[in-house]
Amino acid sequence: MAEPLLEVRDLVTCFEADGGEIAAVDGVSLHVDAGETLSIVGESGSGKSVTSLSIMRLLPKPAGYIRSGDISFEGEALRDKSEADMRRVRGRRIAMIYQEPMTSLNPVFTVGQQIMEAIELHLGLSRRDARARAIDMLRLVGIPAPEDRIDDYPHHMSGGMRQRVMIAMALSCEPKLLIADEPTTALDATVQAQILELLRKLKRELGMSIMLITHDLGVVAETCDRVVVMYGGKIVEEGDVRSIFRKPLHPYTEGLLASIPRIDETRERLHVIPGIVPNPRDRGAGCRFASRCAYVMDECRARLPELRQIATGRNVACFLAEERNR
Amino acid sequence: MGFLRKIVASRLAALGLILTVAVAFMAIFAPWLTPFDPAAQDVTQRLIPPFGRTPEGLHLLGTDALGRDVLSRLIIASRISLLVGVAAVIVSGFFGVMLGLIAGYDDQRAGRVIMAVADVQLAVPFLVLALAVAAVLGPSVFNLVVVLGVTNWVQYARVVRAEALTLREREFVQAALALGASTPRILARHLLPNVMSSVIVISSLQVARMILFEASLSFLGLGVPAQIPTWGSMIADGRNYVSSAWWVAAMPGIAIFLTVVGINLLGDRLRDLLDPKLRHMER
Amino acid sequence: MARYLATRAIYSVLVIFGVAVLVFFLVRLGGDPTALFLPPESSIEEIARFRRQMGFDRPLLIQFGEFVWRALQGDFGKSLRYGEPAMRLVWDRFPATLQLSAVSLLLSVVIAVPLGIAAAVNRDSLTDRVGLFFSLVGQSFPTFWLGIMLILVFSEKLAILPPSGRGTWQQLVLPAVSLAAYSTAIITRLLRSSMLEVMQADYIRTARGKGLSERVVVYRHAVRNAAIPTITVIALQVGALLGGAVITEEIFAYPGMGRLAIQAIANRDFTIVQAFVIFMAVLIVAINLAVDACYVLLDPRLRKS
Amino acid sequence: MNGAAQPLLEIRDLRKYFRASGSGFFTGEQPPIRAVDGVSLSIERGQTFGLVGESGCGKSTLGRLIARLIEPTSGSIFFEGRDITGLSRSDMREVRRHLQIIFQDPYASLNPRMTVSDIIGEAFEIHGLARGAAKRQEVAKLLDAVGLSRAHIDKYPHEFSGGQRQRIGIARALALKPKLIICDEPVSALDVSIQSQILNLLKDLQREFGLAYLFIAHGLAAVRHISDRIGVMYLGKLVETAPSSEIFTHPAHPYTQALISAIPRPDPDAVRDRIILEGDLPSPAAPPPGCRFHTRCREASRLGTRCMTQEPAWHAAGADHLAACHLVENTGAQ
């Protein structure tokens with residue numbers, strides 16, 4: 001099998017907070033193959049965003065740092081790279097878009113200036129060519145009259161338009177991997193549909209890989225090939241999108257799926273995952289989902305279940321996985 | 001006392017606390033701490049340098065042009081500095097918080113008038129205004145407190161108003177309105193408690209500022225009456241002898257400096273703990 | 001944008017009118033202003049004559065109307081001591097004060113801006129600690145005391161700089177330094193905290209995510225945003241500098257407006273004090289207007305397309 | 001309106017125009033923002049009306065208008081048949097006992113300086129119903145009702161998670177035993193697994209206390225389970241109202257159709273027939289003439305220029321189902 005585009009092995013990322021140390025990402029291994037869309041799903045505090053910032057080495061300093069693990073991209077170890085070498089990866093080979101289109105663009109520069117900046121830096125184009133390319137990119141992401149809009153400031157644009165600009169900027173240097181961190185969470189449903197459609201189209205046309213971070217399983221079902229489900233800093237389930245949705249093996253994935261309000265069926269009551277996401281300080285020795293799990297056993301509280309392969313490409317961290325797969 | 005422990009977790013803030021407590025202690029117990037009678041003159045023993053001896057004893061910080069013990073006068077003068085600083089902050093804080101709350105809650109009529117008055121006052125440099133008012137009213141401790149208090153409400157009013165404006169839109173205030181809460185209730189129960197941490201921070205930094213201004217006005221002879229020693233007027237007295245007896249002017253300045261540094265260090269820490277968003281505040 | 005500035009300009013005129021009201025009532029705070037102008041030993045006849053002469057015996061409203069009417073023409077009455085129009089006396093001293101304040105401001109900005117940025121970028125480094133130390137010290141001693149100590153060291157002991165007067169650049173050094181200390185401290189501290197805040201912004205993460213070097217991130221993306229709150233502080237410092245100049249000029253016997261005002265207070269020459277306060281207010285309001293225009297240049301969000 | 005069938009809440013042609021920021025005494029008037037521009041609807045006792053629309057459509061403004069937290073520009077609000085639009089603050093206080101509101105942001109909706117007992121008990125103090133031990137007793141009962149432990153009574157808001165805070169907000173609204181609660185996006189800010197807990201709680205409380213809800217949300221999926229009727233808003237106006245099941249099976253207005261098709265289906269094999277809306281939401285300060293939706297409507301050209309010039313009236317699209325669209329008049333109930 002070909003080497004994956006991105007491979008993360010045993011990543012542990014910690015944050016310093018109030019004198020203590022919290023492992024926001026606690027031993028995560030995952031990979032993204034060329035041309036595929038991988039989704040990382042989880043609720044707030046699951047460690048999904050921190051994983052992506054670790055890959056980009058953009059953790060907030062000095063509070064956050066990678067404790068251990070390897071990250072390799074196209075066969076190169078990103079953790080060993082100097083800061084200068086890492087800058088040639090960011091924006092050029094791995095690009096990122098973020099949750100908040102309203103605050104992710106610098107308010108004092110035009111959108112054109114901000115897109116051209118990356119093009120001039122990485123592709124070495126002249127200002128004039130960079131501008132032409134920026135206009136092309138704006139057209140590609142579906143901004144009408146890009147020759148005029150290129151000189152607009154971010155505050156002239158709606159949230160959906162700004163997210164298109166962010167995408168144009170991210171894709172301007174034709175990266176191999178696009179990390180999209182909750183790219184539609186802050187947007188309205190119809191705008192979300194526009195942006196997801198755009199991402200699908202661009203992926204087809206440009207042949208890149210996407211790592212999509214989201215909490216919305218609906219978004220996952222529509223856009224992704226494979227899914228990684230995270231809970232409490234750990235991967236609890238991994239597999240291709242069909243098998244996960246058809247037969248979730250981890251009780252958390254199952255609960256998450258069941259609690260989505262669906263419009264195609266009527267239920268009197270919604271399914272509920274009881275309890276609250278536990279504070280990372282109060283993690284015990286056992287399974288992190290134990291306190292909210294409907295199938296909890298004594299063993300779950302005593303010992304942390306390892307992520308094990310249950311079927312081809314299907315990994316689950318639950319003692320009952322085999323039984324549930326039958 | 002968890003909060004006190006948080007304050008002194010920073011070494012600088014601990015230093016600030018020690019300095020502040022020391023000065024406060026000095027001011028409160030001044031009459032029992034002075035080694036000499038601060039008013040006793042002896043022209044034969046004038047301008048004795050620090051650590052100099054006279055028949056009466058050791059003058060740690062020397063004597064001034066009238067032969068008075070500088071240390072004793074410093075200790076007595078700390079009373080006026082702290083008294084004026086704290087009283088002016090109470091007066092200005094009271095008016096500032098009240099007007100700021102009103103201006104923030106009703107930003108249409110009352111708010112506009114209040115903020116226009118604030119802009120008028122800000123158009124005149126504070127020292128100039130205080131100087132002019134003090135000159136008209138004449139020197140007295142009471143007048144000084146009134147002048148400093150009345151001319152410094154704007155700092156509170158602006159911060160409190162800005163906070164009240166956002167608090168008013170916050171959903172807990174909306175919820176109280178939906179329950180039928182009256183305006184006094186909204187102001188007292190929902191707005192005031194939520195601006196208090198800012199007010200405490202501003203007040204602490206304002207005490208330092210008021211001490212500096214009191215010194216400036218007293219230095220110019222427009223503060224307290226001449227017979228009451230203050231750090232500012234002591235510097236003014238010493239100014240004429242600065243080439244021959246530097247300590248007379250230098251010592252009160254150092255006293256002001258240590259006091260103000262202490263309070264500022266403490267205030268900075270309070271701000272970081274209570275209200276980090278005030279970092280941009282103009283002192 | 002022009003409309004925005006026009007609104008500000010009209011508001012500024014209202015503010016200055018407010019200052020005029022303030023100044024008018026200022027001398028009447030203690031009741032009859034006659035007592036303020038004349039020495040306490042004046043005879044009853046003298047007082048009565050002076051009161052008639054100044055119009056203090058007429059109804060307050062008429063006095064105020066006349067004050068405003070004359071103020072509009074730049075007439076604030078004559079100085080009792082010099083016999084010349086008060087506003088002209090103030091105006092004559094303005095260049096000296098302007099020079100002192102401008103040099104001090106320049107000094108503050110030249111020191112504070114690099115120091116504030118360096119402190120924020122290298123947080124908790126030696127630079128940061130030094131910057132914080134100076135900003136704490138700079139705002140904790142009285143300006144006038146610093147002036148006296150500078151005179152003691154550089155004029156009395158070392159004898160390398162003159163302690164007073166105006167004319168040569170050497171005479172400007174000590175007053176400018178002592179006046180600049182406080183502003184330098186404030187600007188350093190605020191620029192540092194603005195920079196720290198801006199460096200947390202989402203768009204800085206975006207800039208880093210593009211692969212820009214830290215230098216470009218700081219100087220292109222962060223500084224321009226941090227400049228907006230810092231300009232506000234610098235503008236406020238102009239007011240503080242002009243106010244601080246009063247006492248600094250007094251210490252260094254520097255012939256500016258501030259010294260004139262202090263002498264006028266000592267001489268009970270309140271027409272000068274009134275003219276001085278109004279003049280200051282006009283100056284500060286004008287500076288604030290200029291700052292508003294600056295915002296529009298710096299922050300495209302304020303520009304109307 | 002005859003007495004027997006009188007709805008609990010009825011609003012008629014309600015409007016709220018906000019003054020545009022930047023317009024002032026010297027700058028001259030800029031066109032106002034028409035946040036709510038002529039909305040009429042009614043809510044029956046014990047029923048839930050789901051109000052759906054995207055950001056900027058005016059749905060939250062409408063909620064606050066009904067709670068009289070802001071004053072309408074015109075129109076009227078009838079509560080139990082009584083016009084409450086012009087009521088003074090003191091007359092309104094009595095109405096507020098029956099008309100409460102819960103908010104979106106569980107962090108902003110609780111006063112950080114008050115304990116749970118103070119927050120929930122404030123209602124009793126304001127209306128002079130209970131004090132001291134009696135108040136605590138009532139608060140404890142409310143904590144039971146919303147599924148919180150009585151042990152939490154003296155805690156401060158920061159000691160709770162988002163979902164727990166939302167429960168406190170609900171308890172506060174329940175304290176006065178209201179007949180109608182306006183729920184302003186109460187689950188939007190919560191994690192997925194917590195959302196369904198709160199939705200179920202609201203449903204249980206409705207049954208227990210006979211409450212009516214105006215349930216505001218930006219997505220249709222969230223309101224499906226809780227609503228009896230659903231109304232869809234676009235740019236300050238209602239464009240469609242229908243019973244909950246009807247609107248999903250037979251959406252009549254092209255905007256409603258687009259909204260439904262935009263909901264991501266958690267099923268990788270679902271057949272997607274997605275309607276992608278073109279362009280941006282127009283400014284509510286200058287809404288398009290004719291039908292407000294025509295600039296983004298893929299059907300708009302079918303009727304010539306009619307959609308661009310003539311504002312559509314309400315047309316029946318089925319039993320108890322109305323849509324403000326010219327197409328519906330032409331095609332009738334589908």
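The analysis underlying the following values was restricted to heavy atoms, covering all of them including side chains, and did not include hydrogens, waters or symmetry mates. We name chains A, B, ... by the order of the sequence lines, and we start the count at 1 in each one. Not measured: the values here are computed from a predicted model.
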Rounded to the nearest 0.5 Å, what separates atom [atom1] in [X] from atom [atom2] in [Y]?
X: I265(C); Y: L222(B); atom1: CD1; atom2: CG; answer: 6.0 Å
X: N264(B); Y: S135(C); atom1: CG; atom2: OG; answer: 9.0 Å
X: L220(B); Y: I262(C); atom1: CG; atom2: CD1; answer: 4.5 Å
X: W145(C); Y: S216(B); atom1: CH2; atom2: OG; answer: 13.5 Å
X: E250(C); Y: F219(B); atom1: CD; atom2: CZ; answer: 7.0 Å

* To do: Determine the option with the most heavy-atom pairs under 4.5 angstrom with chain B, choosing from I148(C), V23(C), T232(C), N288(C).
  =>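 Of I148(C), V23(C), T232(C), N288(C), I148(C) has the most heavy-atom pairs under 4.5 Å with chain B.
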* Of the non-hydrogen atoms in V124(B) and A281(C), which two are nearest, and what is the gap between them? ->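 That would be CG2-CB, 4.5 Å.
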* For the student: nearest non-hydrogen atoms of L26(C) and V136(B), plus distance ->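 So the minimum-distance heavy-atom pair works out to O-CG1, 3.5 Å.
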Can you tell which part of [X] gets under 4.5 Å to a heavy atom of chain C, answering side chain, backbone, both or neither?
X: I254(B); answer: both
X: A208(B); answer: neither
X: L129(B); answer: side chain
X: L131(B); answer: both
X: V133(B); answer: both

* **Max heavy-atom pair count under 4.5 Å with chain C, selected residue of V242(B), V117(B), L122(B), L12(B)** =>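 Option with the top pair count is V242(B).
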* To do: Mind ranking T259(B), L212(B), I211(B) by heavy-atom pairs under 4.5 Å with chain C and telling me who comes out on top?
  =>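 Of the candidates given, the most pairs with chain C belong to L212(B).
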* F257(B) and F141(C) aromatic ring geometry - parallel, tilted or perpendicular at 30°/60° bounds -> tilted
